[in-house]
Amino acid sequence: MKSILGKKIGMTQIFTEDGTVVPVTVVEAGPMFVTQVKTVETDGYNAIQCGYVDKKEKKVTKPLKGHFDKVSVGYKRFVREFRLNEGETFETGQEIKVDLFAEGDKVDVIGTSKGKGTQGAIKRWNYGRGPEGHGSKSHRVAGARSAGTYPGRVLKGRKASGKTGNKKSTVQNLVVVKVDVEKNLILVKGAIPGPKGGLVTIREAVKR
């Protein structure tokens with residue numbers, strides 16, 4: 001599947017020819033290098049393994065060092081695997097750049113959402129508030145958890161306060177507004193998950 005790794009730079013806005021303002025997220029995508037090619041005969045499925053962002057040799061473990069030395073692409077910080085569509089062919093060491101995509105393409109962007117730490121049920125699950133009167137002692141609590149007699153315990157899966165964010169998140173069917181091959185930039189309409197500098201994966205839209 002047509003995919004590329006990138007780093008979220010931040011958000012800005014651009015103007016179309018008719019003067020419409022378009023909010024975009026700028027992503028520095030690629031270049032990434034093919035570090036391994038998997039086939040049905042050897043691995044049971046067709047896929048490529050790609051490396052992105054250079055890494056110092058002293059920070060690479062011995063198994064990974066041997067793996068990278070086989071293909072001579074340098075040591076990479078991020079290694080991800082992408083399934084291939086029928087008929088697609090790649091070679092080890094091949095460079096994949098942002099020109100994989102073009103203006104107008106529909107894409108999905110996968111990233112890790114910002115971590116919010118421990119949050120209450122109102123912020124985490126959009127619960128309603130309790131009474132605002134001075135006599136009330138339940139302004140922002142979650143309310144009843146379960147029945148008192150049977151089962152007499154909180155059932156698994158009940159929504160409650162807890163860790164929020166810092167999870168894999170996918171935004172689907174975003175439009176590629178502009179591709180700058182020289183600067184390895186791709187501008188995607190709308191917001192994408194994660195903080196500035198966060199790793200994201202841009203792939204062709206599954207439900208386009």
Side-chain angles (χ1 to χ4, degrees), residues 1-15 20-30 32 50 52-53 55 59 61 76-83 101 105-178 185-208:
M1 179 176 289
K2 194 162 65 172
S3 306
I4 193 169
L5 296 171
K7 180 175 69 174
K8 179 179 176 180
I9 303 298
M11 289 198 71
T12 184
Q13 59 187 22
I14 62 174
F15 294 88
T20 305
V21 179
V22 180
V24 295
T25 303
V26 182
V27 179
E28 184 182 342
M32 63 182 189
C50 298
Y52 174 64
V53 180
K55 188 176 184 179
K59 293 186 177 181
T61 60
K76 300 299 177 183
R77 183 180 175 189
F78 302 107
V79 179
R80 296 292 185 271
E81 189 174 290
F82 304 103
R83 288 292 188 105
F101 295 96
D105 287 352
K106 289 284 189 72
V107 295
D108 297 338
V109 181
I110 306 166
T112 303
S113 60
K114 290 182 179 180
K116 306 291 184 181
T118 302
Q119 300 296 333
I122 288 181
K123 180 170 181 177
R124 193 182 187 203
W125 299 113
N126 198 28
Y127 274 22
R129 292 174 65 104
E132 298 297 328
H134 285 228
S136 171
K137 296 182 180 179
S138 59
H139 301 305
R140 291 182 65 89
V141 299
R145 302 280 79 201
S146 62
T149 52
Y150 179 82
R153 60 187 173 86
V154 179
L155 297 176
K156 288 184 178 180
R158 174 68 67 185
K159 292 178 180 178
S161 58
K163 190 187 79 171
T164 308
N166 195 30
K167 289 185 177 180
K168 182 180 178 181
S169 179
T170 304
V171 179
Q172 297 181 328
N173 281 327
L174 298 178
V175 180
V176 175
V177 178
K178 186 177 180 181
L185 297 178
I186 181 169
L187 276 61
V188 180
K189 183 178 180 180
I192 64 175
K196 294 177 182 177
L199 179 71
V200 296
T201 302
I202 301 176
R203 72 179 183 199
E204 59 181 341
V206 175
K207 300 178 182 178
R208 60 189 183 278

Check: Below 4.5 Å, heavy atoms only, C-beta onward: do Tyr52 and Ile4 meet side chain to side chain?
Finding: no
Check: Between His139 (side chain) and Arg129 (backbone), is there a donor-acceptor pair under 3.5 Å?
Finding: no
Notebook entry, point to check: Are Phe101 and Val188 close enough that some pair of their side-chain heavy atoms sits under 4.5 Å apart?
Noted result: no
Next item on the list: Examine distances only and state if a side-chain atom of Ser146 and a backbone atom of Arg153 form a donor-acceptor pair shorter than 3.5 Å.
Entry: yes
Checklist line | Residue pair Ser3 / Arg203: nearest heavy atoms and the distance that separates them | finding: OG-CB, 3.3 Å
Next item on the list: Would you please name every residue forming a side chain to side chain contact (heavy atoms under 4.5 Å, CB included) with Val171, sequence neighbours left out?
Entry: Leu174, Pro193
Next item on the list: Report yes or no: does Tyr127 contribute a side-chain atom to a donor-acceptor pair with the main-chain N or O of Lys159 at less than 3.5 Å?
Entry: yes
Next item on the list: Check Lys8 against Ile192 and note the closest heavy-atom contact, atom names and distance.
Entry: NZ-O, 3.2 Å
Check: Taking C-beta and beyond as the side chain, do Lys55 and Lys76 meet within less than 4.5 Å on heavy atoms?
Finding: no
Notebook entry, point to check: Mind checking whether Lys178 and Val176 have side chains closer than 4.5 Å, heavy atoms only?
Noted result: no
Item checked: Partners meeting side chain to side chain contact (heavy atoms under 4.5 Å, CB included) with Glu204 (sequence neighbours left out) -> Met1, Lys2, Asn85, Arg208
Note to self: I'd like to check Phe15 versus Val22 (side-chain heavy atoms, cut-off strictly below 4.5 Å). Are they in contact?
What the structure shows: no
Next item on the list: Look only at the side chain of Ser138 and the backbone of Gly130, and say whether a donor-acceptor pair between them is shorter than 3.5 Å.
Entry: no
Margin query: Less than 4.5 Å apart, side chain to side chain, heavy atoms only: is that true for Val27 and Leu185?
Written below: no
Check: Any sub-3.5 Å donor-acceptor pair from Thr112's side-chain atoms to Asn166's backbone N or O?
Finding: no
Item checked: Distance in Å, Lys189 NZ paired with Lys106 NZ, rounded so as to fall on 0.5 Å steps -> 10.0 Å
Notebook entry, point to check: Where the side chain of Arg158 meets the backbone of Arg145, is there a donor-acceptor pair that is under 3.5 Å apart?
Noted result: yes
Notebook entry, point to check: Do side-chain atoms of Asp108 reach the backbone of Asn173 as a donor and acceptor pair under 3.5 angstrom?
Noted result: yes
Item checked: Nearest-0.5 Å distance that lies between atom CG in Leu187 and atom CE in Met11 -> 10.0 Å
Check: Is a side-chain donor or acceptor of Thr170 paired with a backbone partner of Lys168 at a separation under 3.5 angstrom?
Finding: no
Check: Quick check: does any side chain N or O of Asp105 sit under 3.5 Å from a backbone N or O of Val175, one acting as donor and the other as acceptor?
Finding: no
Checklist line | Criterion side chain to side chain contact (heavy atoms under 4.5 Å, CB included) on Val200 and Ile110, from CA distance to verdict | finding: CA-CA 5 Å; Val200 296; Ile110 306 166; over 6 Å; no
Notebook entry, point to check: Is there side-chain contact between Phe78 and Lys7, with at least one heavy-atom pair below 4.5 Å?
Noted result: no
Margin query: For a 4.5 angstrom cut-off between non-hydrogen side-chain atoms, does Leu5 reach Arg80?
Written below: yes
Checklist line | Exam field: side chain Arg124 to backbone Lys163, donor-acceptor pair closer than 3.5 Å | finding: yes
Margin query: I need the minimum non-hydrogen distance between Ala121 and Ala160, along with the two atoms involved.
Written below: CB-C, 4.5 Å
